Asker: 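Mind looking over this structure? Questions follow.
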Amino acid sequence: MGTYRSREGQDLSSDTDSEYQSEEEEPIYDYVERQETPQATSSSKKTMDEIDSKLKSLKLKYPPNSQTTINPVKLYLHIGGSTPNAKWVLSDKLTSYKFIKNNGPDDSDSDHDESRGDGDSSWVLKVGSRVKARVSTEMQLKMFSDQRRVDFVNNGVWALKFFSDDEYRKFVSLFQDCLFENVHGLSATEENKLKIYSKDFIGWFKPEIADDSMWEDAVEEEDSKSGEQPVRVDQDLLEEFEEAANGDVQSLSLGALDNSFLVNDLGVQVFRNYSKGIHGKGICVKFDSNRSGGSSLERSTPKKAMLMKAETNMMLTSPFKEGKPHSTGIKQLDIDTGKIVTEWRFEKDGTDITMRDITNDTKGSQLDPSESTFLGLDDNRLCQWDMRDKRGIVQDIVKGGDSPVLNWTQGHQFSRGTNFQCFASAGDGSIVVGSRDGKIRLYSRTSMRQAKTAFPGLGSPITHVDVTYDGKWVLGTTDTYLILICTLFTDKDGKTKTGFSGRMGNKIPAPRLLKLTPLDSHMAGASNKFHGGHFSWVTENGKQERHLVATVGKFSVIWDFQRVKNSAHDCYRNQQGLKSCYCYKTVLKDESIVESRFMHDKYAVSDSPEAPLVVATPMKVSSISLSVKRLRG
């Protein structure tokens, strides 16, 4: 997957057509339309006969009805997966496609026309009798404009080959219109697109007029900072360590200092950090409590862990209902003693509340030994909690009775409709929040009441977000793709700022999408979705993240950050719509991956472009190094 170069992207016309047309077949000619006038001379008729004879001798391989069939295409099927024998086979040398409305339970169909938005109906792509697929991002449609071809997933990997550039462009336009309507429930008119995106984000639905200067300036700035000549980088993945985990792993907490941790159903397993990855110390801190009633952790395995106080303490949350992420409180584990020293309650105005996620105040605040505050997120709440009481005194450990209450220091409880899902903090404490409707909001560290910038959703829920240390880039994870957003803009005084500090105006760069190829998506499995997209980890001004990683099924997928940002990158040539990057490397494990994270930048060595990648599965943890060969361009 990913690193294996199958024949998925080959030009279908290069070999497949000849494979499937035998020498005994009648030659297939171009269809030539002509009119003979009454004044036609015998010499002109002879000339026409010579032309016909010449065309026949060329044995052109256009199907005889390709110009009379409505929406004609060739249909191919990919077989063999990623094996050396993988290839495309011709499924139908002449068929047709159409977009139809699936009108619900009775499954009655209507051809694509101007009648749209009728209840729960949705657009479906039908190709001959072999393909019928709801138009969605799950199809993972990939375009090859130079080959007049699109690939997609639907119980297999298929390709459509068009007979003309106009037919190709017509299909892509129809597909994008149907996708917009299926996602937003509105016809794909200019008016409706403005309603969804607003005029400030016109480049999001018209990428061809988007201002990419911020992307290009960022690449040039980083190249100049490196002080090196441009190089081609050939990266290989090398597994350094793999060892068994003690129990069913729930989460991975990487430390920037000496140790990293796996949280499982037995406790917290401790690992030593090295330049080649993490290695088990043979220590497992089992959950214990100094409270007479015992700890609730002994009855519920934590799903989320966050390091604090120079990585000597770990904050743990457990869902209070099975299948739901919300927690009513948090447990503070002293790693050195293995004791749950406090169990805190979430409370506001005398009423118990829940939190669905917690995170550190900033990218590097887990290294601060005096850290006493952290951020909390619920469906309609964003806030900061303080473990000290209102007088600034750390609250006493409670031996029995009620748990101590965290102090809500700042934040906002929104009335409704935000549907927050996930959040992350930048190096200066700015906050990015992802929502179920696909929106991504940027908040400054001083105001959680109103977002400085709110990026519109593309339709898919944001399940995870991350942000670079400098706040210039935001990465959102959805089930089927990652979205990379540049937050930079130029204010009225000509100063370059980020969207965390002010309104970005109407020259907002279009985002980039990071996707799997249709073949890789099919191999990952229909039930496997992207989760946990992260930048590599830096906690110092002037340092730049170099890679991005996300997990899908049994695969960790790694993108080169600099390549994704480069507008001249090969992936972006001749694309229609938002630029999508398909260049990545993958790590395959033998079971589904819980989490993939890069270690702190300080563990990167001179012969590697990045700190090691740590991959945790339910029963194992692995460390992978990126070795590099630098080839002068």
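Please read these numbers as outputs of a predicted model, since none were measured by experiment.
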Asker: Taking 4.0 angstrom as the limit, do D601 and R546 come out as a salt bridge?
Answerer: yes
Asker: Specify whether W473 and W215 have parallel, tilted or perpendicular ring planes, treating 30° as the upper limit for parallel and 60° as the lower limit for perpendicular.
Answerer: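 The rings of W473 and W215 sit tilted, inter-plane angle from 30° to 60°.
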Asker: Check whether the ring centres of F99 and W123 lie less than 6.0 Å apart, and answer yes or no.
Answerer: no
Asker: Quick one: does any side-chain atom of R149 pair with a main-chain N or O of M143 as donor and acceptor, under 3.5 Å?
Answerer: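 No: the side chain of R149 does not pair with the backbone of M143.
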Asker: What about H600 and Y603, are their ring centers closer than 6.0 Å?
Answerer: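 Here the rings of Y603 and H600 have centres that are no less than 6.0 Å from each other.
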Asker: Could you tell me the separation between the CD1 atom of I431 and the CG atom of D428, rounded to the nearest 0.5 Å?
Answerer: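 Reported value, rounded in 0.5 Å steps: 10.0 Å.
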Asker: Can you classify the ring geometry of F561 versus F535 as parallel (below 30°), tilted (30 to 60°) or perpendicular (above 60°)?
Answerer: tilted
Asker: How about F162 and F171: are their ring centres within less than 6.0 Å of each other?
Answerer: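 Close enough - the centres of the two rings lie under 6.0 Å apart.
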Asker: Take H464 and H534 through the ring-ring contact (aromatic ring centres under 6.0 Å, His included) test and state the conclusion after the steps.
Answerer: CA-CA 9 Å; H464 189 273; H534 289 277; 4.5 Å; yes
Asker: With under 30° as parallel and over 60° as perpendicular, where do the rings of F201 and F455 fit, or are they tilted in between?
Answerer: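 Judged by the thresholds at 30° and 60°, the geometry between F201 and F455 is perpendicular.
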Asker: Would K304 and D357 pass as an ion pair if we require N to O under 4.0 Å?
Answerer: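 Between D357 and K304 there is a salt bridge, with a charged N closer than 4.0 Å to a carboxylate O.
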Asker: Is there a donor-acceptor contact under 3.5 Å from the side chain of S623 to the main chain of I278?
Answerer: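 The answer is yes, because a donor-acceptor pair under 3.5 Å joins these two groups.
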Asker: Start with the C-alpha distance between Y584 and W559, add both sets of side-chain angles, then the distance that settles ring-ring contact (aromatic ring centres under 6.0 Å, His included), and finish with yes or no.
Answerer: CA-CA 5 Å; Y584 49 78; W559 284 268; 5.6 Å; yes
Asker: Please verify the inter-ring angle class for H184 with F180; under 30° counts as parallel, over 60° as perpendicular, anything in between as tilted.
Answerer: tilted
Asker: Checking T83 side chain against G80 main chain: does a donor-acceptor pair fall under 3.5 Å?
Answerer: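 It does hold such a pair.
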Asker: Nearest 0.5 Å please: distance from the OG1 atom of T418 over to the NZ atom of K439.
Answerer: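 NZ of K439 is found 10.0 Å from OG1 of T418.
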